[in-house]
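Take a look at the structure below.
In listed order, ligands and their atoms are each counted from 1.
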Amino acid sequence: MSEIKAAKGTRDIFPPEIQKWQFLENAIHDYYKKFLYQEIRTPIFEHSELFSRGIGSETEVVQKEMYTFSDKSDRSLTLRPENTASVVRAAIENNLFETVAPLRFYYIGPMFRYDKPQKGRYRQFHQFGIEVFADDSPQVDAEVIFAAVDFLNKLRIADIRLELNSVGCPRCRPLYLEVLRKAARAEGGRLCADFRRKIEGNPLRIFDCKLPECAETTRDFPLLDGHLCAECRDHFAAVRETLSWMNVPFQLNPRLVRGLDYYTKTAFEVTSGQLGAQNALLGGGRYNNLIKELGGPDMAGIGFAAGMERIILHLENPALPKIKNLFVAYGEQKWLAHAIQLAEVLRAEGYPVYLDFQGKNLKKQFKKADKIAAAFTLILAEDEIASKSVSIKNMASQEQKKIPLKDLNERLKKNY
Ligand code: AMP
């Protein structure tokens, strides 16, 4: 039979790399709880409309990258390409705005995009992220950004760079977009076909194009920073000031527009100098219209999403406490019941215990004990059973001693 391989753009995660994932997940739980974020878990698939309305029908993600399918009742469903729209949907549907305080959520989980796979870019990838609702203050923008950068610093991720921009609001952005359209129409012939199409829809996307011709053409295009309204300008100035109080270094990038349509005011991205082409570690920003757009109250929101695969690429294998495995060996099949019961008691005490059901004889079981790197092997044979004792063998020193069963826990605790 031919071998079945994992689907393109997906990957298996197994030891020893899985240790990094568990370490990262634990770090996320510990860190974000310090800011009173609470975990939220939303479904992997949603009605497709959530993403076309929430992310924006003009975006790359919605136009090209969604895993959309019809279920047996002909509903259009989509594997979530990101989690913010789902968190907002869940908050509206479950009225979390009234029942949860503060309105701060974090999530961890797989996302799906039909992207071109390469190192650091997958079709099933993982993000963690945070969302804050109902707080429009620029200081919370700075705190969210701090909580992104400081977390990466705590993980000792070197060579990171924070870029910051304001993408305006529904009051100032449309006026600017007209100015930009004008410039883009004049140079249309020099932009790639993809971006010529975007001039009328969302011309901000023009700044996303990585093609050198487009970058060159747009170099002198008018930028949004000169067209912000007074409110957006003041908000952005306060974000920058608060970041300076927090000692968070940043670089202004007036071309930073982010891939998703729902951002207003603050937008930011953290990149790594060590990741090559896929250098974005996380991105986020404020989305003051999304909640209303998805049928909820007129309420502000801000958050970010971080790519876990890319963070994992930077992580050293964490120094985990050495786990001392125990191995319970039994001299003959007839002592198996005793061995099973001893393993049960030891696990209840908190020890990791392995019992080899294929062990034909003690010699073979000892070999297995070596293979699983057991620290101690506990042996039950005729003698031990008769005297209610157990022989304990230190696998490193090969020393072996018979002790009363009742003293075993005490003894292990001392040596553990
Ligand atoms: P976005 O939701 O597009 O703002 O992405 C946020 C972060 O998710 C990025 O900075 C990346 O670190 C990560 N990311 C996005 N797309 C992918 C992908 N296809 N594979 C791996 N990581 C990704």
- Distance-only N or O hit between ligand 1 and E82, under 3.5 Å: no
- Item | Any N or O of F125 closer than 3.5 Å to N or O of ligand 1 | no
With distance as the sole test, does [X] use its side chain to make a donor-acceptor pair with the main-chain N or O of [Y] at under 3.5 Å?
X    : Y    : value
S166 : F236 : no
N165 : L256 : yes
R123 : P117 : no

- Task: Determine, using ring centers only, whether F151 and Y32 are less than 6.0 Å apart.
- Result: yes
Can you list the ligand 1 atoms lying under 4.0 Å from a non-hydrogen atom of [X]?
X    : answer
R121 : 18 (C), 19 (N), 20 (N), 21 (C)
L282 : 10 (O)
R113 : 1 (P), 2 (O), 3 (O), 15 (C), 16 (N)
G120 : 20 (N), 21 (C), 22 (N)
L281 : 10 (O), 12 (O)

- Task: Assess R104 against F35: is NZ or CZ under 6.0 Å from the centre of the six-membered ring, and within 45 degrees of the ring's axis?
- Result: no
- Just let me know how D115 lines up against ligand 1, side chain, backbone, both or neither, with a heavy-atom cut-off below 4.0 Å. side chain
- Item | Q127, portion touching ligand 1 at heavy-atom distance under 4.0 Å | side chain
- Could you check whether the rings of Y176 and H227 sit parallel, tilted or perpendicular, using 30° and 60° as the cut-offs? tilted
- Query: Would you call the rings of F133 and F97 parallel, tilted or perpendicular if under 30° counts as parallel and over 60° as perpendicular?
  - Reply: perpendicular
- Query: Out of F304, Y122, Y263, F128, who gets a non-hydrogen atom closest to atom 19 (N) of ligand 1?
  - Reply: Y122
